[in-house]
Amino acid sequence: MKTVTRFAPSPTGNLHIGSARTALFNWLFAKNTKGKFLLRIEDTDKVRSTKDSINKILEGLKWLDLKWDDEIIYQSKNQKRHNEVAEDLLKNGLAYKCFCSEEELKNMREEAKILKKPFRYNRMWRDRDLKDAPKNIDPVIRIKSPIDGESNIDDIIQGSIKVSNEEMDDFIIVRSDGTPTYMLSVVVDDHDMNVTHIVRGHDHLTNTFRQNVIYNAMNWNVPKSAHIPLILGPDGSKMSKRHGAIDVEEYKNNGILSDALINYMLRLGWSHGDDEIISLENAIKWFSLEKIGKSPAKFDNDKLISVNSHYIKELDNNKIISFLENYYNKKYKIELDKISINRLNLGLDDIKTRSRDLNQLAEMALFYCSKFPITVSKKADKYIKKVDKNTFKDLLIVLKNIENDFKKQKIEQIIAKFLSEKGLKLSDIIQYIRAMITGLDVSPRIYDIMEVLGFEEIKKRIEYFING
RNA sequence: GACCCCUUCGUCUAGCGGUUAGGACUCAAGAUUUUCAUUCUUGCAACACGGGUUCGAGUCCCGUAGGGGUCACCA
């Protein structure tokens with residue numbers, strides 16, 4: 001049988017890193033088994049669901065390149081079907097209308113509190129005659145869950161788990177306004193979509209027991225489940241805003257590559273021997289739900305950054321250039337012209353080894369773009385203020401001699417000669433040159449940069465500072 | 001609080017009854033170096049605790065402690 005997985009986010013916010021990993025695992029499992037990966041938007045909470053959130057989630061998935069199969073399913077559109085199932089259950093005596101008042105429910109809750117027990121509905125309408133029904137109350141529909149015995153699930157990741165049926169109550173499947181609840185909707189949709197494997201966060205584990213009550217009542221096959229451990233913040237508590245970035249979009253904005261984020265998320269809870277950098281191809285080949293660990297993992301930004309810098313080094317220059325085009329335009333209102341692109345193509349490899357993320361890369365490559373005068377950082381400005389102008393006037397004269405053969409070896413030679421004649425050390429001038437031609441205090445090797453920029457450009461930049 | 005789950009270096013993890021407990025990130029030291037990186041060497045660092053089972057336990061069992069999750073007319 002063909003495997004079918006699904007990712008079922010509720011559109012009440014951005015695409016969370018934890019959800020993204022759930023999507024990744026579903027996607028990988030589907031690819032590994034040559035099955036389908038479906039997307040279902042659980043938009044039944046009309047108050048909290050937003051169009052904007054749907055867009056953000058889709059954008060996030062697209063950025064991560066986790067393509068779903070078939071059309072997106074919007075749960076809200078299946079409401080009628082969900083209600084039909086509820087009616088069915090009602091007709092067969094497997095569910096019942098409950099006319100409990102808010103008052104009565106409140107009392108149950110308070111009683112539970114005093115007894116220090118979790119709240120459980122007391123099933124007062126389970127076998128009660130409908131003739132007793134109060135006229136002023138719109139009933140909810142509750143499902144009859146087993147009163148005694150125990151239920152067990154056999155989870156691919158968590159193993160076999162048993163729970164006494166006393167822990168469950170007759171939960172609501174249709175609200176008093178006639179709308180189906182999540183518990184009903186997921187089951188019906190998963191069944192209708194022929195989902196074979198439910199891969200979701202560990203926080204849904206206890207829901208599985210409830211959902212199984214519905215599967216059993218409908219006499220439907222229960223899909224296999226795999227509950228993946230949650231991602232925790234660095235301090236071991238639930239991942240939240242105070243831990244920094246938590247949404248996929250934020251990582252993107254922080255200059256993290258999608259490949260790097262995928263690789264990092266994959267290694268959170270899953271492993272393949274000692275492999276750290278894992279291509280998508282291998283990830284698909286090697287992935288299995290059984291190999292996902294049971295314990296929750298803490299998010300480690302340092303490791304993400306290290307994976308990210310690895311992927312940056314491997315990144316294609318054209319991709320970087322198109323990123324830079326956008327970045328510079330937005331931030332500095334600079335258009336990349338032919339000269340800049342040419343320089344970037346020559347100089348980018350050296351910048352890549354120095355970058356932890358794309359934003360840092362962009363700042364470091366800015367001096368290659370032909371804006372004049374160049375932007376100068378605070379640290380570079382300190383050097384520029386202390387520049388010995390005569391030295392560099394002389395240096396320019398010397399450099400002009402090799403203007404037509406402006407190659408790094410040549411430049412290195414001529415500067416070495418210049419220094420020995422002047423009785424100077426390289427350290428006497430190097431940071432000053434760097435500051436004047438890059439506007440930065442750190443950069444790739446100076447000779448390499450000079451060759452890329454060319455004599456005219458260097459002359460222009462240095463003269464701007466020493467004549468000014 | 002009740003129920004369920006989890007526990008190997010600081011972090012992510014390998015290990016599937018016999019290992020000098022391995023790798024990666026971080027950190028430290030060194031080499032290369034033109035700043036910063038890269039690269040390369042080396043080092044620090046873990047089986048939560050207590051009982052069993054066994055010739056032998058990180059690995060199996062039971063407790064304890066710690067952490068997490070769930071307990072809605074939200075999903």
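Naming convention: chains lettered A, B, ... in sequence-line order (proteins, then strands); numbering from 1 in each chain.
The interatomic distance linking A:Ile278 (CD1) with B:G23 (C1') rounds to 12 Å, in whole Å. For the pair A:His272 NE2 and B:G15 P, the computed distance is 11 Å after rounding to whole Å. Rounded to a whole Å, the NZ atom of A:Lys291 is 8 Å from the C1' atom of B:A14. Atoms CE (A:Met183) and C1' (B:C71) sit 10 Å apart, rounded to a whole Å. Distance, A:Gln360 CD to B:U38 P: 11 Å, rounded to whole Å. As a whole-Å value, the separation of A:Asn301 CG from B:C27 C1' is 17 Å.
Applying the salt bridge (charged side-chain N to carboxylate O under 4.0 Å, His left out) test to A:Glu451 and every residue at least two apart in sequence or in another chain returns nothing. Under the side chain to side chain contact (heavy atoms under 4.5 Å, CB included) criterion, A:Asp235 pairs with A:Ser237, A:Arg242, A:His243, not counting sequence neighbours.
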Trace of the ring-ring contact (aromatic ring centres under 6.0 Å, His included) decision for A:Phe392 with A:Phe465: CA-CA 10 Å; A:Phe392 292 96; A:Phe465 292 112; over 10 Å; no
Go through the steps for A:Tyr251 and A:Phe299 under the test ring-ring contact (aromatic ring centres under 6.0 Å, His included), then give the verdict. CA-CA 13 Å; A:Tyr251 291 99; A:Phe299 194 90; 5.7 Å; yes
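The pair A:Glu102-A:Lys106 fails the salt-bridge criterion, with no side-chain N (NZ, NE, NH1 or NH2) lying under 4.0 Å from an Asp/Glu carboxylate O. At a threshold of 4.0 Å, the pair A:Asp170-A:Arg123 counts as salt-bridged, since one of the basic side-chain nitrogens sits closer than that to a carboxylate oxygen. Salt bridge annotation for A:Asp394-A:Lys422: present, with a cationic side-chain nitrogen under 4.0 angstrom from a carboxylate oxygen.
Residues A:Thr179 and A:Arg356 each lie close to RNA chain B; by heavy-atom proximity, the contact nearer the 5' end of the strand is made by A:Arg356.
Remark: the separation of the P atoms in B:A45 and B:U11 is 16 Å, to the nearest Å. Comparing the C1' positions of B:C6 and B:G58 gives an interatomic distance of 16 Å, to the nearest angstrom. As rounded to the nearest Å, B:G17 and B:C5 have C1' atoms that lie 26 Å from one another. Between B:G51 and B:A46, the distance separating the two C1' atoms is 22 Å to the nearest Å. Comparing the C1' positions of B:C12 and B:C55 gives an interatomic distance of 36 Å, to the nearest angstrom. Taking atom P on both nucleotides, B:C44 is separated from B:G23 by 12 Å, rounded to a whole Å. With both ends at atom C1', the span from B:G1 to B:G18 equals 45 Å, rounded to whole Å. For the P atom pair drawn from B:U13 and B:A75, the interatomic distance equals 32 Å after rounding to whole Å.
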Any protein N or O atoms within reach of nucleotides 4-13 of chain B? Criterion: under 3.5 Å, listing atom names and distances.
from: B:C5; atom 1: O2'; to: A:Gln158; atom 2: OE1; distance (Å): 3.3
from: B:C6; atom 1: OP1; to: A:Lys294; atom 2: NZ; distance (Å): 2.7
from: B:C12; atom 1: OP1; to: A:Lys298; atom 2: N; distance (Å): 3.0
from: B:C12; atom 1: O2'; to: A:Arg267; atom 2: O; distance (Å): 2.9
from: B:U13; atom 1: OP1; to: A:Gly269; atom 2: N; distance (Å): 2.5
from: B:U13; atom 1: O3'; to: A:Ser271; atom 2: OG; distance (Å): 3.2

Polar pairs (N or O, both sides) under 3.5 Å between protein and nucleotides 42-45 of chain B?
none

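Partner of A:Glu167 under the salt bridge (charged side-chain N to carboxylate O under 4.0 Å, His left out) criterion, chosen from A:Lys117, A:Lys162, A:Arg120, A:Arg210: A:Arg120. The side-chain hydrogen bond (donor to acceptor under 3.5 Å, both in side chains) test with A:Asp189 singles out one residue from A:His82, A:Arg6, A:Arg81, and that residue is A:His82.
Sorted by residue number, the members of residues 407-427 of chain A with any non-hydrogen atom under 4.0 Å from RNA chain B read A:Leu426. Applying a 4.0 Å cut-off to non-hydrogen atoms, the residues of residues 430-446 of chain A that approach RNA chain B are A:Ile430, A:Gln431, A:Arg434, A:Asp441, A:Val442, A:Ser443, A:Pro444, A:Arg445, A:Ile446, listed by residue number.
Ring geometry for A:Trp220 versus A:His191: interplanar angle under 30°, hence parallel rather than tilted (30 to 60°). The aromatic rings of A:Phe7 and A:Phe37 lie parallel to each other, with less than 30° between the two planes, well short of the 60° mark. Classification of the A:Phe323-A:Tyr327 ring pair by plane angle, with boundaries at 30° and 60°, yields tilted. By the 30° and 60° cut-offs, the orientation of the rings of A:His204 relative to A:Tyr182 is tilted.
Within the cation-pi definition used here (under 6.0 Å to the ring centroid, within 45° of the axis), A:Arg109 qualifies as a partner of A:Phe119. Because its NZ or CZ atom is both nearer than 6.0 Å to the ring centre of A:Tyr121 and within 45° of the ring axis, A:Arg142 counts as a cation-pi partner of that residue.
As judged by a 4.0 angstrom heavy-atom cut-off over every strand, A:Thr44 is placed among residues touching the sugar-phosphate backbone only. The residue A:Lys352 sits apart from the nucleic acid: no heavy atom pair falls under 4.0 Å. The residue A:Asp275 sits apart from the nucleic acid: no heavy atom pair falls under 4.0 Å. When heavy atoms are screened at a 4.0 angstrom cut-off, A:Lys113 is found touching no nucleic acid atom at all. Counting non-hydrogen atoms under 4.0 angstrom, A:Thr353 reaches a base of the nucleic acid. A:His204 comes within contact range of at least one nucleobase, with a heavy-atom separation under 4.0 Å. A:Arg109 comes within 4.0 angstrom of the backbone, heavy atoms only, and of no base.
Side-chain contact between A:Lys56 and A:Leu15 is absent, with no heavy atoms from C-beta onward closer than 4.5 Å.
Candidate nucleotides B:A37, B:A75, B:C73 were compared by shortest atom distance to the side chain of A:Leu105, and B:C73 ranks first. Distances from the side chain of A:Leu230 to the nucleotides B:G69, B:G22, B:U38 place B:G69 closest. Of all nucleotides listed (B:G69, B:U35, B:U26), B:G69 comes nearest to the side chain of A:Lys238.
The base of B:C73 is paired with the side chain of A:Ser176 by a donor and an acceptor separated by under 3.5 Å.
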